[in-house]
Amino acid sequence: MKPKYYVTTPIYYVNDVPHIGHAYTTLACDVLARWKRLDGYDVLFLTGTDEHGQKVEKAAEAAGMSPQAFVDKVSVAFREMGAVMGISNDDAIRTTEPRHKVSSTALWQRLLAAGDIYLGGYEGWYAVRDEAFYDEGELTTRADGSKVAPSGAPVEWVVEPSYFFRLSAWQDRLLAFYAAHPDFIAPESRRNEVLSFVKGGLRDLSISRTSFTWGIPVPGDERHIMYVWLDALQNYVTATGWPDAGAARAGFWPADLHMVGKDILRFHTVYWPAFLMSAGLPTPKRVFAHGWWTIEGEKISKSLGNVVAPAELVESYGLDAVRFFLLREVPFGNDGNFSRKALVSRLNVELANDLGNLAQRSLSLIARNCGGVLPARGAATEEDVALRGAAEALPALLRQRMDSQAFGDALEDVWKVIRAGNGYIDRQAPWALKKTDVVRMGHVLRVLADVLRVVATVLQPVMPGSMGKMLDQLGVPSEARDLAALGTALAEGTVLPAPQGVFPRFVEEAS
RNA sequence: GGCGGCGUAGCUCAGCGGUAGAGCAGGGGAAUCAUAAUCCCUUGGUCGGCGGUUCAAAUCCGUCCGCCGCUACCA
């Protein structure tokens, strides 16, 4: 039986407009999912949308629609984004689905049975204008004695009945959990932040509301609806069919990886494991918090009008170039800056010149001088062994990179081999061997074809379309494109199709 | 304020106790199979400042300066 791998994106809040940040998170998960499939795993890759909450209720009202009709409409944008980015998710969960109501209700009952839920009152300074609660310390007192939020909105003291989760009781168990699972939170700096937060003490968590109704009712007390994160986080479990132990996907929980933006790290690394442990469910193995993108040096913001639509980028530069750029440009986990200049540079230098051109020059030499068929392997020289060895080391190397979500390092590893390939072809000069040693020329071209095959194979998760084309040109059968297949050499004499450039250079239109 | 991190070549970053590295950008040369692509060589850094530990410090400790993150209930 294949080993299982379960990776999730956050569920995206439908009130947002999908932008490059959402695309980035989802893309990272997609590459992992594709990599694991390539490596023989049975993969469950989940994304989805968070469709409950007061903001949605209000937005629906403003649009003159029922909340359900509203979310049916706006959630489409996120599924379209997935299609545009070439995302290979197995499921796209929506928190408004019946299966999720069943699962969230069951979770609540588990927490209740564990004695971790009690009825209390949620009170605090609330600004109606901001629809938000504020801490005493955040407020400013005006001359007339009234208090205002940092936004300047007036606040009032409100009390609302609410169910609470006994998070305060979980501090020690959480700290023990982090200690026992040092890889649970990544990157390291984020782990430190979470540890420091939990060590500072935990307060009980309000997990229900009565002030609006668009949510999942609390079992046994339907005046309340479950609040935000309890319902939202549970989606990851819902998708595995829980609480039906016989569900087809039952074996996928716990997730191997929750990919999140750094803004929602705490919910995934503090509340979520506490909920799960309380419910007697296994905890996810790892949560990775990636960084943010700025656009041409500026924060992404609607008011700046610099929100970059993924579809527009794909339209301008091509899907694979965009996918490559996002994972290549910035060490994963760091913040990064998106600039068109940098994207064009990566596309032209690394994709077109380094990789595309290496394939094109190698393949056209084979087409012209080897009758268009794959030459045989021959006695290997020291240089042949070195280059072939570097390529053959890639799968094992990338396995480690992928398991630590080091996409940038993974791509750098591959590019070292590609650069070495260009050095090799220059030194071997098969175009000169054509006149002096045709047999050796064939052997050299075969080394290049073999190296390109490995490179194209391991790059498929990042650039599925263009690497598929490259494998076509290398004569690799569609059933021989996974990592395991790399152990079997291609048959000499395989007829290769006419080579065609895979990555055209991007030329700015003359103005 | 508290806790944590960062500051290394023009740019983006790796190195984290043993004579400063990569990619890009800049300069010179070679080649001409190839997407005017490629290859080779090369300029460039007192590794934020100051002190300390050590035979030896980007690398450990202290301190100062400058940035950044976290410091709970909008998803």
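Heavy atoms only: backbone and side chains are in, while hydrogens, waters and symmetry mates are out.
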Which part of the nucleic acid, if any, lies within contact of [X], taking any heavy atom under 4.0 Å across all strands shown: a base, the sugar-phosphate backbone alone, or nothing?
| X | answer |
| --- | --- |
| Tyr122(A) | base |
| Leu202(A) | base |
| Tyr271(A) | base |

Expressed as a whole number of Å, how far does the [atom1] atom of [N] sit from that of [M]?
| N | M | atom1 | result |
| --- | --- | --- | --- |
| U42(B) | C3(B) | P | 48 Å |
| A34(B) | C39(B) | C1' | 13 Å |
| A20(B) | C47(B) | P | 10 Å |
| A58(B) | U53(B) | P | 15 Å |
| C64(B) | A25(B) | P | 42 Å |
| C40(B) | U54(B) | C1' | 41 Å |
| C13(B) | U19(B) | C1' | 23 Å |
| C6(B) | U12(B) | C1' | 15 Å |

Watson-Crick and G-U pairing of RNA chain B written in dot-bracket, each distance under 3.5 angstrom, with | for inter-strand partners = ((((((((.[[[[.)..(..]]]].(((((.......))))).....[[[[[..)....]]]]])))))))....

Does the side chain of [X] come under 3.5 Å of the side chain of [Y] through a donor N or O and an acceptor N or O?
| X | Y | value |
| --- | --- | --- |
| Ser75(A) | Thr49(A) | no |
| Thr8(A) | His258(A) | yes |
| Tyr12(A) | Thr26(A) | yes |

What is the separation between atom [atom1] on [X] and atom [atom2] on [N], rounded to the nearest whole Å?
| X | N | atom1 | atom2 | answer |
| --- | --- | --- | --- | --- |
| Leu411(A) | G23(B) | CG | C1' | 13 Å |
| Leu343(A) | C24(B) | CG | C1' | 15 Å |
| Arg166(A) | A72(B) | CZ | P | 22 Å |
| Leu387(A) | C39(B) | CG | P | 13 Å |
| Asn348(A) | A25(B) | CG | P | 11 Å |
| Glu193(A) | C6(B) | CD | P | 13 Å |
| Leu233(A) | A72(B) | CG | P | 19 Å |
| His52(A) | C73(B) | NE2 | P | 23 Å |

Relative to its sugar, using the 90° cut-off around 0, the base of A34(B) is anti

Residues passing the side chain to side chain donor-acceptor pair (under 3.5 Å) test with Asp384(A), sequence neighbours excluded, are Thr381(A), Tyr424(A), Arg440(A)

For residues 225-232 of chain A, run the donor-acceptor check on the side chains, cut-off 3.5 Å, and write out each pair with its distance to 0.1 Å, sequence neighbours left out.
from: Asp231(A); atom 1: OD1; to: His100(A); atom 2: NE2; distance (Å): 2.6
from: Asp231(A); atom 1: OD2; to: His52(A); atom 2: ND1; distance (Å): 2.9

Name all residues meeting the ring pair (Phe, Tyr, Trp, His ring centres under 6.0 Å) criterion together with His19(A); count only those two or more places apart in sequence or in a different chain, and write none if there are none.
-> His22(A)

Contact list (N/O, under 3.5 angstrom) for nucleotides 8-15 of chain B vs protein:
none

Please answer whether the main-chain N or O of Ser168(A) pairs with a side-chain N or O of Asp204(A) as donor and acceptor at a distance below 3.5 Å.
-> yes

Considering heavy-atom distances to RNA chain B, does Ile11(A) or Arg266(A) have its closest nucleotide positioned more toward the 5' end?
-> Arg266(A)

5'-most by nearest nucleotide on RNA chain B - Phe197(A) or Glu412(A) | Glu412(A)

Would you list the protein and nucleotides 31-37 of chain B atom pairs, both N or O, that sit under 3.5 Å from each other?
from: C33(B); atom 1: O2; to: Arg361(A); atom 2: NE; distance (Å): 3.3
from: C33(B); atom 1: N3; to: Arg361(A); atom 2: NE; distance (Å): 3.4
from: C33(B); atom 1: N3; to: Arg361(A); atom 2: NH2; distance (Å): 2.6
from: C33(B); atom 1: N4; to: Arg361(A); atom 2: NH2; distance (Å): 2.9
from: A34(B); atom 1: OP1; to: Arg368(A); atom 2: NH2; distance (Å): 3.0
from: A34(B); atom 1: O2'; to: Asn357(A); atom 2: OD1; distance (Å): 2.5
from: A34(B); atom 1: N1; to: Arg361(A); atom 2: NH2; distance (Å): 3.4
from: A34(B); atom 1: N3; to: Asn357(A); atom 2: ND2; distance (Å): 3.2
from: A34(B); atom 1: N3; to: Arg361(A); atom 2: NE; distance (Å): 3.1
from: U35(B); atom 1: O2; to: Phe503(A); atom 2: O; distance (Å): 3.3
from: U35(B); atom 1: N3; to: Phe503(A); atom 2: O; distance (Å): 2.7
from: U35(B); atom 1: O4; to: Gly356(A); atom 2: O; distance (Å): 3.2
from: U35(B); atom 1: O4; to: Val502(A); atom 2: N; distance (Å): 3.4
from: U35(B); atom 1: O4; to: Phe503(A); atom 2: N; distance (Å): 3.4
from: A37(B); atom 1: OP1; to: Arg505(A); atom 2: NH2; distance (Å): 3.3
from: A37(B); atom 1: O3'; to: Asn353(A); atom 2: ND2; distance (Å): 3.3
from: A37(B); atom 1: O2'; to: Asn353(A); atom 2: O; distance (Å): 3.4
from: A37(B); atom 1: O2'; to: Asn357(A); atom 2: ND2; distance (Å): 2.7

Any side-chain heavy-atom pair of Phe332(A) and His290(A) under 4.5 Å = yes

Filter on salt bridge (Lys or Arg N to Asp or Glu O under 4.0 Å), then keep only pairs touching [range], sequence neighbours left out; what's left?
| range | result |
| --- | --- |
| residues 352-371 of chain A | Arg361(A)-Asp426(A) |
| residues 267-278 of chain A | none |
| residues 323-337 of chain A | Asp30(A)-Arg323(A), Lys262(A)-Asp335(A), Arg328(A)-Glu350(A), Arg328(A)-Glu412(A), Glu329(A)-Arg346(A) |

For Arg223(A), what residues pass the salt bridge (charged side-chain N to carboxylate O under 4.0 Å, His left out) criterion, not counting sequence neighbours?
-> Asp221(A)

Kindly write out the residues that satisfy salt bridge (charged side-chain N to carboxylate O under 4.0 Å, His left out) with Arg453(A), not counting sequence neighbours, or none if the list is empty.
-> none

How long is the span from the CG atom in Leu167(A) to the OG atom in Ser206(A), to the nearest 0.5 Å?
-> 12.0 Å

Interface residues of residues 414-423 of chain A with RNA chain B (non-hydrogen, below 4.0 angstrom) = Arg419(A), Asn422(A), Gly423(A)

Any salt bridge between Glu61(A) and Lys58(A), counting N to O under 4.0 Å?
-> no

is_close_aromatic(Tyr118(A), Phe165(A)), centroid dist under 6.0 Å = no

Choose from C74(B), U71(B), G4(B) the nucleotide whose nearest atom is closest to any side-chain atom of Asn192(A).
-> G4(B)

Side chain of Arg190(A): nearest nucleotide among G23(B), C74(B), G69(B)?
-> G69(B)

